[in-house]
2 protein chains.
Amino acid sequence: MQRMGSTEYVSRATNEDLERILAYAGRPGMISLAGGLPDPSVFPREELSEIAGMVIGEMGQDALQYSAAMGVPKLRERISRYMEEELGIGGQGPDSVLVTTGSQESLFSISMSLLREGDAVFTENPTYFVAYTVFREFGARVRPSPMEEDGIDTHSLEAAVRSEEPGRRKFIYVMPVAQNPTGASMGEEKKRHILEIASQYDLMVIEDDPYGLINYSGARPRPLKSMDGEGRVIYLSTFSKVLAPGLRIGWAAGDPGLLSSVSRVKQLIDLNTNTLSQYICSEALERRLIQRNIGRVVEAYRRKRDWMDQALRSEFGDRVSYVLPDSGMFIFARFQGVDTRKMVMRAVESGVLYLPGDSTFVSDPDYSTARLNFSYPGREEISEGIRRLGRVFRPSSP
Amino acid sequence: MQRMGSTEYVSRATNEDLERILAYAGRPGMISLAGGLPDPSVFPREELSEIAGMVIGEMGQDALQYSAAMGVPKLRERISRYMEEELGIGGQGPDSVLVTTGSQESLFSISMSLLREGDAVFTENPTYFVAYTVFREFGARVRPSPMEEDGIDTHSLEAAVRSEEPGRRKFIYVMPVAQNPTGASMGEEKKRHILEIASQYDLMVIEDDPYGLINYSGARPRPLKSMDGEGRVIYLSTFSKVLAPGLRIGWAAGDPGLLSSVSRVKQLIDLNTNTLSQYICSEALERRLIQRNIGRVVEAYRRKRDWMDQALRSEFGDRVSYVLPDSGMFIFARFQGVDTRKMVMRAVESGVLYLPGDSTFVSDPDYSTARLNFSYPGREEISEGIRRLGRVFRPSSP
């Protein structure tokens, strides 16, 4: 076969170094703390099996057909009610909801709709690395502000926004609950400050909230969207963490005009979101299966978080530091005197894998950090994984 | 609420005029021949209901979880075998298959991977209007060549290719079977010529083949991919037409290196294709449900095509012309002395909707054409729809 200029083959999106590392997760005997998978034991399989069979049998004519780019009307209505009842987000009727293939597709299609070469997007640092890859893919300059224990440094954020020309400021992207990767949750004052900045400098805010309903300390935090008096916030969430990610149902909630415009981009991508999954989620909301499942998820993950916390403390003592997360799936740990990127291949050899923290920084990476997942591994894997990490990170005797 | 510069809201993709027209499809009493929906009576609901329940119940741990960006391995393997057994496409192992959210997402992510501002893409004229919108979205210049009764004018295609600088020639996009909208199927000689052009001018070919297995005359045409000695063809297909579109499972088959690079873009869009649907399709292939369903689809649509053919002949006589399609869901009719774009609102008033053909042309639109769908409407709707069209298109007496 004749070669076709190999540069043509190069995707715009590459993080091959990271990919090469993550590929080791599949090695036999490997304990992977690098991923971000839910524990399959929290999937309500029996109920979902019954619902899927029923939905196809009784509504298959519609549930197996193409559907509207904005989403199945009944599901949009039930998501609207769910946000109001469970999250305190009012005033977002069905017209304010766009259903997408996971909330990832919301993020992608909003970015594609709004971003032009040279636009500025303001993010947390570190942040969700797939998000900043998407922003850059559409030509945006990513302007990060450091994370503090209670969320993004909003004074640094304001300075970054102020330093950009008004026409170049596009949106602020934040994860107020269990930020990925740090696990930090945002304080009320910072939330108010972000909305003030958005108002003063005429910006939109993308609030990415996969974990809003999962809380290990009992108190459910208020989403930014529930405090959004000017309609500047686009709220993203998903059923991936509270029901099952394989169904790939997420959504964006916000200004109907904007979302209808985003739905035209979404249509170019995949015409419409999986209709069967939309019917399944709609029925699961109606039966309150999702609402009931949240308790199960919280209980399972709180236990796992605590096991990992104990293992880290007993293995590393004060050579490790982190904020114990109130929600989410990760502990973002700082290992004193360790370069986690340099050590990752040695960890692989020792049968444990983590996400080197530097890959989650937009700039000024902290090489002593690692993102450790506690939702997927079992109790034994968590303790053995951290034990292996202890051996790898031990200061070597001369 | 303060307005946020309304230009920010404008998506890159708009065909609002067309959208406005298609919105009338939902009007009570409207007979829509404008869409492209399968007949839900061909969905094998009972079997799919049983399969979905079983897949979740017995494999829910994996079927409800995140999955690989390239697709579920077992499904990729079965698609590989399906292409070999049913389509005569050999040599495409599981590594050559990328599973996507409908074949639309294959088209989108391949375009995003390969196209750069100013690249030339060579298409049929008219063509699938969502495809050329996607190409333009990524900055490509679309170079159309006219359709003949047996497919694209390959001499015009070659001239267009030759006229472009080598570095600017990106790919040829064709639908060899039941081309959308014309319904034409490509002759063997043209297929060979396209592969020669691709080889001579060092181009890739995207072969979009949703209907390859649906054939009303009995003979299954050979896909371009099965004649592709140099690995230049990326073959796209889907289970939307032979099983159910609501499952949103399509795929691309071709060079593994290219597809692995495309999968990185796909990952930015939606992380992975719906896992549950992949398990359902995999099981449906294994039980030969899809293979068996093709016969049902062919029989139902052949009948409907013939009803529409008879209705058009008896209503319009020789004032209408078209190639009776051997496959697919549309008759692309030319109505003598009619401007279908101008008449569409009058048609709406008379309770019938069609797709004005001009919207499917990249250039040099033929305003006398309309795309008429026969797969979705029932027998009575087909005849009544064409009768209404007859009244609307009747040459008005002075």
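A, B, ... follow the sequence lines: proteins, then strands. Residue 1 opens every chain.
Legend: residues meeting ring-ring contact (aromatic ring centres under 6.0 Å, His included) with F239(A), ordered by chain and number and at least two apart, are Y82(A), W251(A).
When the candidates L243(A), N272(A), I51(A) are compared by the number of heavy-atom contacts under 4.5 Å with chain B, N272(A) comes out ahead. Note on D270(B), V134(B), I269(B), T275(B): by heavy-atom pairs under 4.5 Å with chain A, the leading option is I269(B). Counting heavy-atom pairs closer than 4.5 Å to chain B, the top residue among P245(A), S41(A), G36(A) is P245(A). Ranked by heavy-atom pairs shorter than 4.5 Å toward chain A, the options A131(B), S260(B), A244(B), G250(B) are led by A244(B).
Scanning residues 98-106 of chain B against chain A with a 4.5 Å heavy-atom cutoff picks out T101(B), Q104(B), E105(B), ordered by number.
Using a 4.5 Å cut-off on side-chain heavy atoms (C-beta onward), I280(B) and L276(A) make contact.
Applying the salt bridge (Lys or Arg N to Asp or Glu O under 4.0 Å) rule to pairs touching residues 35-51 of chain B yields D39(B)-K304(B), E50(B)-R287(B), sequence neighbours excluded.
If you measure heavy-atom distances from Y376(B) to chain A, the contacts under 4.5 Å come from the side chain alone. For D119(A), no part sits under 4.5 Å from any heavy atom of chain B, backbone or side chain.
Between atom CD1 of residue I249(B) and atom CG of residue N274(A) there is a gap of 7.0 Å, rounded to the nearest 0.5 Å. Atom CG of L271(B) is separated from atom OG1 of T238(A) by 9.5 Å, given to the nearest 0.5 angstrom. Residue Q267(A) holds its CD atom at 10.0 Å from OG1 of T133(B), rounded to the nearest 0.5 Å.
In terms of heavy atoms, L268(A) sits closest to F108(B) at O-CD1, 3.5 Å. For the residue pair T273(A) and R248(B), the shortest heavy atom distance occurs at C-CG, 4.3 Å.
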Side-chain polar contacts of residues 52-66 of chain B - donor-acceptor pairs under 3.5 angstrom, sequence neighbours left out - could you list them?
from, atom 1, to, atom 2, distance (Å)
Q65(B), NE2, P38(A), O, 2.9
Y66(B), OH, K241(A), NZ, 2.7

